[in-house]
Amino acid sequence: MPRPLWMMMMRREAGWYALLLPAFLLLSVFYVTPILQVLAISFLEPSPGFSNYERIGTNLSVQRVIITTLRICSITTVLALLLGYALSYTITLASERARRWWLLCVLVPLWISVLVRAFAWVTLLRRQGLINQTLQGAGVISEPLELVWNEFGIIVGMVHYMVPYAVLPMLASMREIEPRLLAAARGMGASRGQVFARVFLPLSMPGVVAAGVLVFIFSLGFYITPAILGGGKTLMVAEWISLQILDLIRWGLGTMMATLLVVTILVTLAVFSRVVNMRRLFGGA
């Protein structure tokens, strides 16, 4: 007697779930469990309750770190999107051979250690660095500029690191734009500026949104670049968490901020998923 169709479908689905089970267990043990432990510590240390979370509204140091992080991440995201969009647009319109070279230039920084890049920027931006020496030699400035160990240095280093992550989603979105649409707009009398503003830019916006979400989320948890280029004078969330746990042994405060960071990332993804199709933005079917 042939089996019902629903039983066959259930067996097929069970097979797929069996394949996913090892990955699910791995994520549960090595990812979900530590996060739950961090959440528990934030409520239990140094005493059970919400005392750690109350400091978000009462402690000026905590508030300053949060505001500084959000400000730096927002500026980094905007600058990375502007530079990334210009690069993506140039690569899209380039010839096939030139496109390969452009892509190589974009991807090469991803293969270089973030630590090496951070120290390279320190060498360039410090008071005796190449930039200050060049400006002084040209007579543009009389005294060296404070370009590093402050917010400016952190933003420069973070933008340099994040631009490739902004380029890739936007480039993928731009490559999907049908060239005949642009040609049709030109054929109907639109100028190059009008074609870009009314056709190309709206069609490329899904990639811009995806790049913005990606860059902002990555920026929130940045540690090495702010630690080196900030010089300990400008603290972002990740460095502040490390300071609380490793140096001051304040596990409750550190895990509270770590929990807040995770929640912020999840809320950001949830908000954007309400506005746009996140699976489509990041290449899902």
Side-chain angles (χ1 to χ4, degrees), residues 59-90 105-170 208 211-244 247 257 260-261 264-265 268:
N59 192 300
L60 293 178
S61 174
V62 173
Q63 295 173 357
R64 183 167 57 251
V65 168
I66 294 174
I67 293 172
T68 299
T69 301
L70 292 177
R71 179 174 61 250
I72 291 176
C73 291
S74 299
I75 295 173
T76 298
T77 301
V78 171
L79 294 178
L81 288 179
L82 291 174
L83 293 173
Y85 195 95
L87 276 171
S88 302
Y89 184 71
T90 301
C105 293
V106 170
L107 294 175
V108 162
L110 295 177
W111 304 332
I112 301 174
S113 168
V114 62
L115 190 64
V116 173
R117 280 185 278 178
F119 279 116
W121 278 113
V122 170
T123 303
L124 290 173
L125 298 176
R126 63 194 180 99
R127 292 178 63 87
Q128 297 80 26
L130 179 63
I131 294 177
N132 272 317
Q133 287 184 350
T134 302
L135 293 176
Q136 284 183 295
V140 177
I141 58 174
S142 57
E143 296 291 332
L145 300 175
E146 298 293 337
L147 301 177
V148 73
W149 299 309
N150 50 31
E151 282 193 23
F152 178 81
I154 293 174
I155 292 172
V156 169
M158 289 181 62
V159 169
H160 177 231
Y161 186 88
M162 289 298 175
V163 164
Y165 292 100
V167 168
L168 296 177
M170 289 192 286
V208 175
V213 173
L214 193 66
V215 171
F216 184 76
I217 288 176
F218 276 12
S219 299
L220 285 174
F222 238 52
Y223 175 72
I224 294 178
T225 299
I228 294 176
L229 294 176
K233 299 178 181 178
T234 303
L235 291 179
M236 291 181 65
V237 165
E239 188 179 359
W240 191 86
I241 293 172
S242 174
L243 176 66
Q244 297 300 317
D247 296 337
M257 191 67 80
L260 182 63
L261 180 62
T264 302
I265 292 173
T268 302

Of all the heavy-atom pairs spanning P169 and L214, show the shortest one and how long it is. CG-CD2, 4.1 Å
Would you please name every residue forming a side-chain contact (heavy atoms from CB on, under 4.5 Å) with L220, sequence neighbours left out? T69, L70, C73, F216, L261, T264, I265
Looking only at heavy atoms, what is the nearest atom pair of P144 and Q136, with distance? CD-NE2, 3.6 Å
Pairwise salt bridge (charged side-chain N to carboxylate O under 4.0 Å, His left out) hits with a residue in residues 145-154, at least two apart: R71-E151, R127-E146
Could you pull out the closest heavy-atom pair between N132 and L125, with the gap in Å? ND2-O, 3.7 Å
Mind listing the closest non-hydrogen atom pair of A166 and A211 along with its distance? O-CB, 3.5 Å
Would you call I75 and V159 a side-chain contact if the rule is heavy atoms closer than 4.5 Å? no
L115 versus I228: any side-chain heavy-atom pair under 4.5 Å? yes
Checking N150 side chain against K233 main chain: does a donor-acceptor pair fall under 3.5 Å? no
Beyond-backbone contact of L235 with T68, side-chain heavy atoms, under 4.5 angstrom: no
With L135, which of L130, L147, L145 fulfils side-chain contact (heavy atoms from CB on, under 4.5 Å)? L145
What one should report as the nearest heavy-atom pair of V215 and A80 is CG1-CB, 4.1 Å
For residues 128-167, which residue pairs pass the ring pair (Phe, Tyr, Trp, His ring centres under 6.0 Å) check, not counting sequence neighbours? W121-H160, Y161-Y165, Y161-F222, Y165-F218
In the structure I gave you, are the side-chain heavy atoms of M257 and I66 within less than 4.5 Å of one another anywhere? yes
Donor-acceptor check, side chain of T123 to backbone of F119, threshold 3.5 angstrom: yes or no? yes
